[in-house]
J.: 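One structure, as structure tokens, below. Some questions next.
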Amino acid sequence: MPIYLTTPIYYVNDKPHIGHAYTSLATDVLARWHRLAGREVYFLTGTDEHGQKVEKAAMDAGEEPQAFTDRVSQAFRDLTGTMGLSNDGFIRTTEPRHRAACQALWLRLQERGHIYLGAYEGWYAVRDEAFYGPDELTEKDGVKYAPSGAPVEWVREPSYFFKLSEWGDKLLEFYETHPDFIAPASRRNEVISFVKSGLSDLSISRTSFKWGVPVPGDDAHVMYVWLDALTNYITALGYPDEKADLWRFWPADLHFVGKDILRFHAIYWPAFLMAAELPPPERVFAHGWWTIEGQKMSKSLGNAIDPVKLVEEFGLDPVRYFLLREVPFGQDGDFARAALVNRLNGELADVLGNLANRTLSLIQRNCEGLLPALAPAADIDTTLLQPLDTLVASVGKLLEAQEYHLALEEVFRQVRGANGYITVQAPWALKKTDPARMTEVLRHLHTALRTYATVLQPFMPTTMGQLLDQLGVPEDARSLDSLATPLPDGRALPPPSPLFRKVESAA
RNA sequence: GGCGGCGUAGCUCAGCUGGUUAGAGCACGGCACUCAUAAUGCCGGGGUCAGCGGUUCAAGUCCGCUCGCCGCUACCA
């Protein structure tokens, strides 16, 4: 079964910050896990480049929209290198293939009678070139003003509509028969109550700006951003060519989204697809926001965290670990430097890194650097070895529920246990009293470390790769399945070196 | 206003369908160890489970009320 995972396409009106990195990272870890389990994966990310805001930002920058988006989109493409993402594709909504896919989907919806021409009405600020909701407005001397201070007027603009109002019951039935479609559960409940309150038809075109996909057969209109943006998920797989090689990945297994865009993915998107007689995605997960040292991330505070600087200071893998370990996926969390340092020093370096280092040093010094022979487990060894048998299954189950923090907690509980085991077994003392037993203990610890490193690869690909190097595990023996096959005895292990460098707790 | 959720050790949180002395990590104190990145292990102190009132043989765990906090309540990505 092929696995298709997506991030949202990021709006190029913003620079990449920790929030973008977070979404992509969560997607990446799951993609890597599935590959490690031997499954075929397509991992897509990209940029959303249409809309009035982009058009305006380009004009302000004195550039053509295409040149502007070419430039800004690159910053998001660079996130792949910065965060160590393993995405298979990168899509831009300004690509010709995407225009073609949007127009094909539009025609398909139109042919089936789901689109009609009407008029969009609302409070419009000419100065901002934007519509505002009635609750956003303030009134003074009989004139209504937008939050920006610009006066607004009631305008009517011709617009095509999607008959979303006809899909309420079908969506509710879909949620009912697909209880895992929306996660976490609290969000699912919100979506359901929203749909139950009744859906209106959705305006899906605009005549007030040009920077978008033209509506087929009516050049006065461009598609409203969400129909355009959501379609990216099928464009990337070759739509409308359902014979395309990648089309077998549809429907998506999981769309990762921020909680702000859940509605579009959990309501509009399945409605569009069902109306087009295409299968809706399997699951949408809405994750939370990061605050920065207890404060909301905001443009005015200028406190957004630049992933590049973060990785420069702490290293990529500690950052990856921290973001998924610190906060339950789906909840809001706080990004505090002290918390990151604590995780890095106290868990990665002290608990895991040090266990690897002490074990490998003992092998290096007392076993001539050769992998000790596999030995049967004594009763006392089962405390170390038995939990390993179920680690892959339990981590897999947690990851498939996007419970990253619990998956990491499970692994680290075992790593702590291994530190207890080595302390009690004291191979440094066995060296003098029972050298044969010492080698058995070291081999058991090696087995445990190999398991931890293998399972942790999706979270910390670089560092766990180094650990597997130090453990003498060849490249072709790093999959989850390969754990069933012990390494041959006597293999030469390279001299160990520390995996994680600690940082000072003060900035 | 309506709907939904939360309030448990100094901090961040677990506690499923109610049942022995309420748990984890971090922080703090003591002891042990010395292989290791001054790392690790063990033990310990610390909680009116927001408050009040109910149901029950038994409630952090169910019900009601009060106080405090948060989310959703459509076309803005």
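In what follows, every chain begins at residue 1, and chains take the letters A, B, ... in the order their sequences are listed.
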J.: Under a plain distance cut-off of 3.5 Å, with no hydrogens placed, do A:T6 and A:H255 share a side-chain donor-acceptor pair?
T.: yes

J.: Separation of A:L449 atom CG from B:U40 atom C1', in whole Å?
T.: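 After rounding, the gap between these two atoms is 14 Å.
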
J.: To the nearest angstrom, how far is A:E293 atom CD from B:U12 atom P?
T.: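 One finds 14 Å between P of B:U12 and CD of A:E293, rounded.
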
J.: How long is the line joining CG of A:N345 and P of B:A38, in whole Å?
T.: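 After rounding, the gap between these two atoms is 11 Å.
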
J.: Just checking A:I204: base, sugar-phosphate only, or nothing, at a heavy-atom cut-off of under 4.0 Å?
T.: nothing

J.: Assign A:D334 to base, sugar-phosphate, or nothing according to its heavy-atom contacts below 4.0 angstrom with the strands shown.
T.: nothing

J.: On RNA chain B, compare the nucleotides closest to A:K53 and A:N419; which residue's is nearer the 5' end?
T.: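 That would be A:N419.
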
J.: Students often get this wrong, so: under 4.0 angstrom with heavy atoms, is A:S203 touching a base, only sugar-phosphate, or nothing?
T.: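 The residue A:S203 makes base contact.
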
J.: Any chance you could encode RNA chain B as dot-bracket? Rule is Watson-Crick or G-U wobble with both distances under 3.5 Å; [ ] for pairs crossing earlier ones, | for another strand.
T.: (((((((..((((.....[...)))).(((((.......))))).....(((((..]....))))))))))))....

J.: Regarding A:R437 and A:E440, does a basic nitrogen lie under 4.0 Å from an acidic carboxylate oxygen?
T.: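 Judged by the 4.0 Å cut-off on N to carboxylate O distance, A:R437 and A:E440 do form a salt bridge.
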
J.: Rounding to the closest angstrom, what is the interatomic distance between B:G19 and B:G60 at atom C1'?
T.: 13 Å

J.: Give the B/S/- string for nucleotides 26-35 of chain B, one per nucleotide from 5' to 3', where a protein heavy atom under 4.0 Å of the base yields B, of only the sugar-phosphate yields S, and otherwise -.
T.: S------SSB

J.: Work out how far the P atom of B:C28 is from that of B:G68, and round it to whole angstrom.
T.: 36 Å

J.: With a 4.0 Å cut-off on heavy atoms, is A:L355 in touch with a base, just the backbone sugar-phosphate, or nothing at all?
T.: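 Nothing, no nucleic acid heavy atom in range.
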
J.: Atom NZ of A:K296 and atom P of B:C69: how far apart are they, to the nearest Å?
T.: 15 Å

J.: Atom CZ in A:F329, atom OG1 in A:T23: separation rounded to 0.5 Å?
T.: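 A:F329 atom CZ to A:T23 atom OG1 measures 6.5 Å (nearest 0.5 Å).
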
J.: Which heavy-atom pair separates A:T423 from A:W428 by the least distance, and what is that distance?
T.: CA-CH2, 4.0 Å

J.: Would you mind telling me which of B:U37, B:G71, B:C76 lies closest to the side-chain atoms of A:R206?
T.: B:C76

J.: What's the closest nucleotide to the side chain of A:F194 if the choices are B:A74, B:U40, B:A14?
T.: B:A74

J.: Can you measure A:F264 atom CZ to B:A77 atom C1' for me and round it to whole angstrom units?
T.: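 After rounding, the reported distance stands at 8 Å.
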
J.: Does the plane of the ring in A:H287 sit parallel, tilted or perpendicular to the ring in A:W289? Use 30° and 60° as the thresholds.
T.: perpendicular

J.: 5'-most contact on RNA chain B: A:W226 or A:Y421, nearest heavy atom basis?
T.: A:Y421

J.: Starting from P on B:G4, measure out to CG on A:N189 and report it in whole angstrom.
T.: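 So the CG-P distance, A:N189 to B:G4, works out to 10 Å.
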
J.: Please check the phosphate of B:A39 (OP1 and OP2 only) for any side-chain N or O of A:K502 closer than 4.0 Å.
T.: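 Answer is yes, contact under 4.0 Å.
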
J.: Determine the interatomic distance between C1' on B:A9 and the same-named atom on B:U55; round to the nearest Å.
T.: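 It works out to 29 Å between them.
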
J.: P atom, B:G5 versus B:G46: distance in rounded Å?
T.: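 B:G5 and B:G46 have their P atoms separated by 36 Å.
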
J.: Closer than 4.0 angstrom, basic N to acidic O: yes or no for A:K502 and A:D350?
T.: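 Looking at A:D350 together with A:K502, the answer is yes, because their closest N to O distance falls below 4.0 Å.
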
J.: Counting any heavy atom closer than 4.0 Å, what does A:G198 reach on the DNA or RNA strands: base, sugar-phosphate only, or nothing?
T.: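 Here A:G198 touches the bases of the nucleic acid.
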
J.: With a 4.0 Å cut-off on heavy atoms, is A:R501 in touch with a base, just the backbone sugar-phosphate, or nothing at all?
T.: nothing

J.: Is the gap between the ring centers of A:W226 and A:Y268 under 6.0 Å?
T.: no

J.: Show the nearest heavy-atom pair for residues A:Y233 and A:T7, with the distance to one decimal.
T.: CE2-O, 3.5 Å

J.: What integer distance in Å separates A:W269:CH2 from B:A74:C1'?
T.: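 Interatomic distance, CH2 of A:W269 to C1' of B:A74: 19 Å.
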
J.: Determine the interatomic distance between P on B:A59 and the same-named atom on B:C52; round to the nearest Å.
T.: 15 Å

J.: Using atom C1' of each nucleotide, how far apart are B:C31 and B:A58 to the nearest Å?
T.: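 Per the computed distance, 40 Å lies between those C1' atoms.
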
J.: Give, for atom NE2 of A:H221 and atom CG of A:L117, the distance between the pair rounded to the nearest 0.5 Å.
T.: 5.5 Å

J.: Considering only atom P, compute the distance from B:C65 to B:C6 and round it to an integer number of Å.
T.: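 Between the two P atoms, the distance is 16 Å.
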
J.: Can you measure A:I192 atom CD1 to B:G2 atom C1' for me and round it to whole angstrom units?
T.: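 Whole-Å distance recorded here is 18 Å.
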
J.: Would you measure the distance from the C1' atom in B:U12 across to the matching atom in B:A74 and give it in whole Å?
T.: 35 Å

J.: Mind checking if A:G353 touches a base, just sugar-phosphate, or nothing, with heavy atoms under 4.0 Å?
T.: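 Base, at least one base heavy atom under 4.0 Å.
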
J.: Within the pair A:Y224 and B:A77, is there a side-chain N or O less than 4.0 Å away from OP1 or OP2?
T.: yes

J.: Please identify each residue that fulfils salt bridge (Lys or Arg N to Asp or Glu O under 4.0 Å) with A:R365, with sequence neighbours left out.
T.: none

J.: Should A:K397 and A:E410 count as an ion pair when the cut-off is N to O under 4.0 Å?
T.: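 Not counted as a salt bridge, because no side-chain N and carboxylate O are separated by less than 4.0 Å.
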
J.: Name the nucleic acid region contacted by A:F412, choosing base, sugar-phosphate or nothing; use a 4.0 angstrom heavy-atom cut-off, strictly under.
T.: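 Nothing, no heavy atom under 4.0 Å.
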
J.: Classify the nucleic acid contact of A:S200 as base, sugar-phosphate or nothing, counting any heavy atom under 4.0 Å across all strands shown.
T.: base

J.: Just compare B:A14, B:A74, B:A39 and give me whichever is closest to any side-chain atom of A:D350.
T.: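 So the nucleotide nearest the side chain must be B:A39.
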
J.: For the pair A:K259 and A:D332, find out whether any cationic side-chain nitrogen is under 4.0 Å from an anionic carboxylate oxygen.
T.: yes

